[in-house]
Every structure is written in C-alpha cells, then in structure tokens.
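Have a look at the structure below before the remarks.
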Amino acid sequence: QVQLVESGGGLVQPGGSLRLSCAASGIAMNLYVMGWYRQAPGKQRELVAYITNGGSTNYVDSVKGRFTISRDNDQKMVYLQMNSLEPTDPAIYYCNARSPQRDILNFWGQGTQVTVSS
C-alpha cells in the first residue's frame with residue numbers, strides 16, 4: 001500500500017533546469033527521512049540529497065549549490081529542484097523514504113529519467 005511516485009523527469013540542455021516531484025502515500029511521511037538517489041548507466045547508485053523530518057538537508061558534493069531538496073509533509077510531497085544541469089547529471093532518479101527508527105521501513109519509487117544533452 002506504500003507508494004512513492006516520481007515525476008518531472010525529461011530531457012534538457014546543459015545549464016537547464018528540472019523539478020522532480022515525489023508523491024508519497026500509505027505512510028506517515030513526517031516520520032521519515034526523504035531522499036533522492038540516482039543511478040547512471042554503468043555507475044553505482046548514489047545518494048543525491050536527503051532531508052530529515054526536521055528539515056535538515058545534505059547533498060552529494062557534485063550537486064551542492066545546484067540542487068535543492070524540499071518537502072511538504074501536509075501534502076506528502078518531496079521535491080528536487082535541479083538547476084545548472086551538467087552532462088554528468090543524467091540518470092534515473094529515485095525517491096526514497098527511510099525510517100530513522102526502523103531500518104526495515106525503507107521504500108522506493110520506480111524512478112524518473114533525467115537526460116541532459118545538447
């Protein structure tokens with residue numbers, strides 16, 4: 001019954017912007033750390049950004065200053081604003097919900113494709 005549904009991916013030129021959205025249902029989202037991961041072809045999955053239930057954020061070094069993660073607990077939405085996209089950013093981006101209290105409570109969306117090309 002838990003669902004995380006990503007949207008907003010697409011194709012943009014280098015330097016462009018995209019806003020990814022993650023709609024959560026079936027969970028009390030205010031109890032979860034929400035994150036965005038990505039996996040590029042031939043690469044390991046990596047954590048891009050996360051935001052705690054208290055609003056603290058962290059980013060992988062490669063996206064600092066360009067990406068912004070935010071959340072709206074009332075609407076059960078998580079966002080990733082991506083600006084100044086670079087050729088190294090293309091990947092499938094996944095939404096994640098993780099309970100800081102129970103490791104087994106760890107949920108994933110199906111991903112949304114981000115492509116950066118001229």
Side-chain angles (χ1 to χ4, degrees):
Q1 292 181 330
V2 176
Q3 292 189 28
L4 301 175
V5 181
E6 303 96 335
S7 62
L11 191 155
V12 297
Q13 295 183 348
S17 297
L18 283 174
R19 182 179 175 87
L20 305 183
S21 299
C22 173
S25 62
I27 61 172
M29 205 189 79
N30 60 301
L31 302 179
Y32 286 78
V33 177
M34 305 299 298
W36 287 95
Y37 291 74
R38 68 185 180 186
Q39 186 166 20
K43 301 293 184 180
Q44 299 286 337
R45 183 190 66 184
E46 68 172 347
L47 174 66
V48 178
Y50 70 82
I51 181 168
T52 70
N53 53 4
S56 299
T57 60
N58 277 279
Y59 302 88
V60 67
D61 287 343
S62 61
V63 308
K64 288 181 178 177
R66 301 188 297 118
F67 291 9
T68 302
I69 188 171
S70 60
R71 64 190 294 163
D72 186 328
N73 290 335
D74 292 335
Q75 297 188 8
K76 295 186 176 182
M77 296 291 294
V78 185
Y79 304 97
L80 185 68
Q81 179 67 47
M82 304 186 295
N83 298 327
S84 302
L85 284 161
E86 301 175 353
T88 53
D89 294 323
I92 300 176
Y93 284 72
Y94 298 93
C95 181
N96 172 260
R98 174 175 53 84
S99 172
Q101 300 176 350
R102 296 188 62 187
D103 291 342
I104 195 172
L105 298 180
N106 193 353
F107 306 103
W108 296 88
Q110 293 185 334
T112 185
Q113 179 72 53
V114 173
T115 303
V116 181
S117 66
S118 300

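The structure presented is a predicted model; accordingly, all values stated were derived computationally and were not measured.
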| request: Please round to the nearest 0.5 Å and tell me the distance separating atom CG of Asn58 and atom OG of Ser56. | output: 8.0 Å
| task | Spell out, yes or no, whether Tyr79 and Met82 are grouped together once hydrophobic residues are joined by side-chain heavy atoms under 4.5 Å, including indirect joins. | result | no
| How about Gln39: does its CD atom have over 12 heavy atoms from other parts shown lying under 6.0 Å from it? | yes
| said: If I compare all heavy atoms of Val63 with all of Val48, which pair ends up nearest, and what's the gap? | reply: CG2-O, 3.9 Å
| remark: Shortest non-hydrogen pair, Asp89 vs Arg38, comes out as OD1-NH1, 3.0 Å
| task | Look at the side chain of Glu6 and the backbone N and O of Thr112, then say whether any donor-acceptor pair between them is shorter than 3.5 Å. | result | no
| remark: Between the SG atom in Cys95 and the CE atom in Met77, the distance rounded to the nearest 0.5 Å is 9.0 Å
| task | Look at the side chain of Tyr59 and the backbone N and O of Ile69, then say whether any donor-acceptor pair between them is shorter than 3.5 Å. | result | yes
| said: Whether the side chain of Asn96 engages the backbone of Phe107 through a donor-acceptor N/O pair (distance < 3.5 Å, no angle test) should be reported. | reply: yes
| remark: So OG1 of Thr88 and CD of Glu86: to nearest 0.5 Å the spacing works out to 4.5 Å
| Stepwise side chain to side chain contact (heavy atoms under 4.5 Å, CB included) check, Met29 with Val78 | CA-CA 10 Å; Met29 205 189 79; Val78 185; 4.0 Å; yes
| request: Over all heavy atoms of both residues, which pair between Ala49 and Leu80 is shortest? Give the atoms and the distance, please. | output: CB-CD1, 4.4 Å
| message | Atom CD of residue position Gln110 - does it have more than 12 heavy atoms of other residues, nucleotides or ligands inside 6.0 Å? | response | no
| task | Please tell me if the side chains of Gln81 and Ser17 come closer than 4.5 Å, counting only heavy atoms from C-beta onward. | result | yes
| query | Taking a hydrophobic cluster as the set of Ile, Leu, Val, Met, Phe, Trp and Tyr residues connected by side-chain heavy atoms closer than 4.5 Å, whether directly or through intermediates, do Phe67 and Leu20 fall within one such cluster? | reply | yes
| said: Is the shortest side-chain heavy-atom distance between Asn30 and Asn53 below 4.5 Å? | reply: no
| request: Work out which heavy atom in Ser118 is nearest to a heavy atom in Gln13; give both atom names and the distance. | output: CA-CG, 4.5 Å
| query | Under 4.5 Å between any side-chain heavy atoms of Leu11 and Ser117, yes or no? | reply | yes
| task | Calculate, to the nearest 0.5 Å, the distance between atoms OG1 and CZ belonging to Thr68 and Arg19 respectively. | result | 9.5 Å
| said: Distance check, rounded to the nearest 0.5 Å: Leu85 atom CG versus Asn83 atom CG? | reply: 7.5 Å
| said: Heavy-atom count check: over 12 atoms from other residues, nucleotides or ligands less than 6.0 Å from Asp103 CG? | reply: no
| said: Rounded to the nearest 0.5 Å, what separates atom OG1 in Thr57 from atom NZ in Lys64? | reply: 10.0 Å
| field | Minimal non-hydrogen separation, Val2 against Gly26, with atom names | value | CG2-O, 3.7 Å
| Trp36 and Cys22: which non-hydrogen atoms are nearest, and at how many Å? | CZ2-CB, 3.7 Å
| Taking C-beta and beyond as the side chain, do Leu105 and Tyr32 meet within less than 4.5 Å on heavy atoms? | yes
| In the hydrophobic clustering (ILVMFWY, side-chain contacts below 4.5 Å, transitive), which residues join Tyr37, or is it alone? | Val33, Leu47, Tyr50, Ile92, Tyr94, Trp108
